[in-house]
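These numbers come from a predicted model, not from an experiment.
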Amino acid sequence: MSSLLQIRDLTKKIGKKTIVDRLSFDVQPGEIVGLVGPNGAGKTTTIRMIVGLISKSGGQVLIQGTDVDKSFETAMRHVGVIVENPDLYKYLSGYDNLIHFSRMSPGVSQERIQEVVSLVGLEESIQSKVGTYSLGMKQRLGLAVVLVHKPSLLVLDEPTNGLDPAGIRELREHLINLSKKEGTGVLISSHLMAEMEMMCDRVAILQKGKLIGIHRVEEMMQNQLMQVRFEIDRPDLALPVLQSLLSGKEIIADQNTLQVPINKEQIPEITEKLMEAGVKVYGVQTAKRTLEDKFIEITEGSA
């Protein structure tokens, strides 16, 4: 499968400072790739270079095999872009905004306009003026605007900024729907790790302008240790059992609970051994590690 987006050694320098340092990764059709990293990691700079909003100091960007430097207009025909909040005409209706922006791309039919209105769930409010829209509705209209010419690649910089939880969920569902049902590739930057975990197929982790890892989210979350808390009646009997089973692992004791970092599959065996030792187990609580935990572990390890 050929990549929708190929980035090779992408670099941005300002004076003697390197903002983005030889960044390379791909985005495939039907895939959502998250660009994550601390503030100042180079996420927005990377996205602005990809879509030609700022010049790059080195490297190559290919969109559906077309070099952006050699044929910018041809490459950008395949791309829909939202950087920060979408620019919309507040005194026009949502529908009139769509008509206006659709004229910038040849061959957009009336049927396609109705299709994207339905796709982003704005059927009931599309005839209302954009000035009356909530922030979430504006983001959905912005998404409709960039989808109207059927781009194969979406590039979105912090599209959830300012949205309430309901708006974030709606946007997430729309992007997943686009990627899985229409095969659209999505590159999205965000500082919301929980959203990246629920939305992305892969995450590219930036730190100080460097790519320190690109991982499949599913693989990152598999076989993760979780914090498991056992509620028991006899910590004095339980502690030696856990120390024997979990040599070298940190065991946190707090009155009638013991907390240990283990895999989910170990819970039945530990529970059985505790009961064999005469310990009553009243409850087991689990707290799975999140993508944010893994992100902090990776970035701290690379600091």
Side-chain angles (χ1 to χ4, degrees), residues 4-5 27 32 35 43-44 47-54 63-64 68 72-190 192 195 199:
L4 288 176
L5 173 66
V27 177
I32 302 178
L35 202 57
K43 302 187 297 294
T44 295
I47 282 181
R48 287 176 179 270
M49 284 192 288
I50 290 170
V51 300
L53 290 176
I54 60 174
I63 297 173
Q64 288 205 338
V68 170
F72 180 79
E73 288 187 13
T74 301
M76 287 299 137
R77 283 185 198 140
H78 305 291
V79 185
V81 182
I82 298 179
V83 177
E84 298 173 347
N85 294 323
D87 290 323
L88 301 165
Y89 295 100
K90 295 180 182 178
Y91 58 88
L92 295 178
S93 68
Y95 182 78
D96 287 338
N97 267 274
L98 267 178
I99 291 291
H100 171 75
F101 287 107
S102 70
R103 288 172 179 154
M104 299 179 184
S105 301
V108 176
S109 66
Q110 184 66 33
E111 288 75 21
R112 177 57 182 171
I113 291 172
Q114 295 299 333
E115 193 178 316
V116 295
V117 169
S118 175
L119 198 63
V120 300
L122 281 176
E123 296 97 328
E124 294 183 7
S125 53
I126 196 65
Q127 297 297 343
S128 301
K129 287 188 177 181
V130 170
T132 67
Y133 280 20
S134 68
L135 187 55
M137 291 165 67
K138 289 175 184 174
Q139 286 289 69
R140 281 189 278 156
L141 181 60
L143 193 56
V145 165
V146 300
L147 289 173
V148 77
H149 65 293
K150 288 191 176 181
S152 54
L153 174 69
L154 285 180
V155 180
L156 311 174
D157 184 32
E158 298 278 4
T160 56
N161 270 357
L163 294 183
D164 61 17
I168 292 172
R169 181 178 179 179
E170 286 175 2
L171 182 63
R172 179 179 73 237
E173 290 173 350
H174 289 312
L175 292 176
I176 291 173
N177 183 55
L178 280 168
S179 68
K180 304 314 171 200
K181 292 188 178 178
E182 299 205 350
T184 307
V186 181
L187 176 64
I188 178 170
S189 76
S190 180
L192 300 177
E195 278 307 308
M199 187 191 310

Nearest 0.5 angstrom please: K180 NZ to L175 CG, how far?
11.0 Å

Quick one: pull up CD1 in I126 and CD in Q114 and give me the separation to the nearest 0.5 Å.
8.5 Å

Quick check: closest heavy atoms across I47 and L156, and the distance to 0.1 Å?
CD1-O, 3.6 Å

Would you say that more than 12 heavy atoms from the other residues, nucleotides or ligands in this model lie under 6.0 Å from the CD of E123, or not?
yes

S134 side-chain N/O to M137 backbone N/O, donor-acceptor pair under 3.5 Å:
yes

Would you give the length of the straight line joining atom CD1 of I99 to atom OG of S93, rounded to the nearest 0.5 angstrom?
9.0 Å

Only counting residues at least two apart or in another chain, list the ones meeting side-chain hydrogen bond (donor to acceptor under 3.5 Å, both in side chains) with S152.
Q64

Take L154 and L143, measure what side-chain contact (heavy atoms from CB on, under 4.5 Å) needs, and give me the verdict at the end.
CA-CA 9 Å; L154 285 180; L143 193 56; 4.1 Å; yes

Quick one: does D157's side chain have a donor or acceptor within less than 3.5 Å of a partner on S189's backbone?
no

Residues at least two apart in sequence or cross-chain that pass side-chain contact (heavy atoms from CB on, under 4.5 Å) with R77, listed by chain then number, are T74

All heavy atoms of G121 vs all of R140, minimum pair found to be O-NH1, 2.9 Å

What are the two closest heavy atoms between L88 and F101, and how far apart are they?
CD2-CE1, 4.3 Å

Only one of V68, V27, V155 passes side chain to side chain contact (heavy atoms under 4.5 Å, CB included) with I63, and that residue is V68

Mind running side-chain contact (heavy atoms from CB on, under 4.5 Å) on I82 and V145 for me, showing each step along the way?
CA-CA 10 Å; I82 298 179; V145 165; over 6 Å; no

Would you say the side chain of V81 lies within less than 4.5 Å of the side chain of I50, judging by non-hydrogen atoms?
no

If you round to the nearest 0.5 Å, how far is CG of L92 from OG of S128?
13.0 Å

Find the distance between OH (Y95) and OG (S102) and round it off to the nearest 0.5 Å.
8.0 Å

I need the minimum non-hydrogen distance between V186 and L153, along with the two atoms involved.
N-CD1, 4.4 Å

Stepwise, does the side-chain contact (heavy atoms from CB on, under 4.5 Å) test hold for M199 with I188?
CA-CA 10 Å; M199 187 191 310; I188 178 170; 3.8 Å; yes

Are Y91 and V130 packed together at the side-chain level, in the sense that at least one heavy-atom pair is separated by less than 4.5 angstrom?
no

For H78 and P151, indicate whether the former's side chain and the latter's backbone hold a donor-acceptor pair under 3.5 Å.
no

Who pairs with K150 by side-chain hydrogen bond (donor to acceptor under 3.5 Å, both in side chains), at least two apart in sequence or on another chain?
none

Rounded at 0.5 Å granularity, tell me how far NZ in K181 sits from CG in N177.
4.5 Å

Please check if the number of heavy atoms outside R112 that lie under 6.0 Å from its CZ is greater than 12.
yes

K138 versus K90: any side-chain heavy-atom pair under 4.5 Å?
yes

Shortest non-hydrogen separation from V116 to V148 and the atoms involved
CG1-CA, 4.0 Å

Mark yes or no for whether T132, through its side chain, and K129, through its backbone, hold a donor-acceptor pair below 3.5 Å.
yes

Would you name the heavy atoms of V79 and H149 that are closest together and state the gap between them?
O-NE2, 3.0 Å

For E73, look at atom CD and say whether over 12 heavy atoms of other residues, nucleotides or ligands are found less than 6.0 Å away.
no

Audit row: Q139, Y133, side-chain contact (heavy atoms from CB on, under 4.5 Å) steps and yes/no
CA-CA 10 Å; Q139 286 289 69; Y133 280 20; over 6 Å; no

